[in-house]
Amino acid sequence: MGIRFVLMVNKQGQTRLAQYYEYLTLEERRALEGEIVRKCLARNEQQCSFVEHRNYKIVYRRYASLFFLVGVDDDENELAILEFIHLLVETMDRHFGNVCELDIMFHLEKAHFMLEEMVMNGCIVETNKSNILTPIQLMDKTS
């Protein structure tokens, strides 16, 4: 499949956005998020951005006060996922103008929509920022 889940977490470990591409119960999600967030937030900046946890490979990156964590299969390319995270942040920056935690909190549906335009069933399907943002801009015009 590729991507199993995408999480956006603040420095305090609070999940601001979670998107899963495989079925997990609410309890399993809560436990998994807690374990992964503790593991990633405990690492320092000199350590690499890849962590193995259970049967996932976690690729993460910190931008300002937000951590972007992506759980992938073992055979997925870590550098490609880092590039995907960067693309996601750049896309959000273009729409929100220097995206921050509050943008995610107050416009959660737009953040999910951007992610859904980029990833379908765990596979990256769109990487063009304009193509990702066009439907959101159309929705903004009509509302």
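The structure presented is a predicted model; accordingly, all values stated were derived computationally and were not measured. All values below come from the heavy atoms of this structure, side chains included, with hydrogens, waters and symmetry mates left out. Residues take their numbers from the sequence shown, with the count starting at 1.
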Q) Is it true that Glu76 and Lys57 have a side-chain N and a carboxylate O under 4.0 angstrom from each other? A)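 A salt bridge is absent here (no side-chain N lies under 4.0 Å from a carboxylate O).
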
Using a strict 4.0 Å threshold on nitrogen-to-oxygen distance, state whether Arg4 and Asp73 make a salt bridge.
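Answer for the salt bridge query: yes.
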
[X] side, atom [atom1]; [Y] side, atom [atom2] - distance, nearest 0.5 Å:
| X | Y | atom1 | atom2 | result |
| --- | --- | --- | --- | --- |
| Phe50 | Arg43 | CZ | CZ | 10.0 Å |
| Arg61 | Ser49 | CZ | OG | 7.0 Å |
| Asn10 | Thr15 | CG | OG1 | 8.5 Å |
| Leu133 | Met139 | CG | CE | 10.5 Å |
| Lys39 | Glu52 | NZ | CD | 8.5 Å |
| Asp103 | Met92 | CG | CE | 9.5 Å |

* Might you work through the side-chain contact (heavy atoms from CB on, under 4.5 Å) test for Val72 and Val70, ending with a clear yes or no? => CA-CA 6 Å; Val72 297; Val70 180; 3.8 Å; yes

Q | Listed partners of Glu45 passing side-chain contact (heavy atoms from CB on, under 4.5 Å), at least two apart | A |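 In terms of side-chain contact (heavy atoms from CB on, under 4.5 Å), with neighbours along the sequence ignored, Glu45 is linked to Arg62.
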
Looking only at heavy atoms, what is the nearest atom pair of [X] and [Y], with distance?
| X | Y | answer |
| --- | --- | --- |
| Glu126 | Leu87 | O-CD2, 4.3 Å |
| Leu66 | Cys100 | CD1-C, 4.2 Å |
| Ile3 | Val6 | CG2-CG2, 4.0 Å |

* To do: Using the salt bridge (Lys or Arg N to Asp or Glu O under 4.0 Å) rule, collect all pairs that involve residues 106-116, keeping only residues at least two apart or in two chains.
  =>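 Of all non-adjacent pairs touching residues 106-116, those that pass salt bridge (Lys or Arg N to Asp or Glu O under 4.0 Å) are Lys110-Asp140.
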
Notebook entry, point to check: Under the salt bridge (Lys or Arg N to Asp or Glu O under 4.0 Å) rule, what pairs show up with a residue in residues 81-93, not counting sequence neighbours?
Noted result: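 Residue pairs with at least one partner in residues 81-93: Glu90-Lys129.
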
With side chains defined as the heavy atoms from C-beta onward, is the minimum distance between [X] and [Y] less than 4.5 Å?
| X | Y | result |
| --- | --- | --- |
| His86 | Phe68 | no |
| Asn77 | Ile81 | no |
| Met118 | Ile124 | no |

Val125: which other cluster members, linking ILVMFWY side chains closer than 4.5 Å, directly or transitively?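 Same cluster as Val125: Met120.
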
Under the 4.5 Å side-chain heavy-atom rule for ILVMFWY, direct or indirect, which residues accompany Leu7?
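Cluster partners of Leu7: Phe5, Val9, Tyr20, Leu24, Leu32, Ile36, Val37, Leu41, Val51, Tyr56, Ile58, Tyr60, Phe67, Leu69.
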
Under a 3.5 Å distance rule, please check whether Glu33 uses its side chain to pair with a backbone N or O of Arg30 as donor and acceptor.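 Side chain of Glu33 to backbone of Arg30, a donor-acceptor pair under 3.5 Å: no, none is there.
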
**OP:** Return yes if some donor-acceptor pair links the side-chain N/O of Asn131 with the main-chain N/O of Asn128 below 3.5 Å, else return no.
**Re:**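 Not confirmed, Asn131 side chain does not pair with Asn128 backbone.
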
Test side-chain contact (heavy atoms from CB on, under 4.5 Å) applied to Asp74 and Asn55, step by step: CA-CA 7 Å; Asp74 284 334; Asn55 56 337; 5.7 Å; no

If hydrophobic clusters are built by linking Ile, Leu, Val, Met, Phe, Trp and Tyr wherever their side-chain heavy atoms come under 4.5 Å apart, do Tyr21 and Tyr23 end up in the same one?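 Hydrophobic grouping puts Tyr21 apart from Tyr23.
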
Pairs flagged by ring pair (Phe, Tyr, Trp, His ring centres under 6.0 Å) wherever residues 96-141 is involved - sequence neighbours left out: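 The answer is Phe96-His107.
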
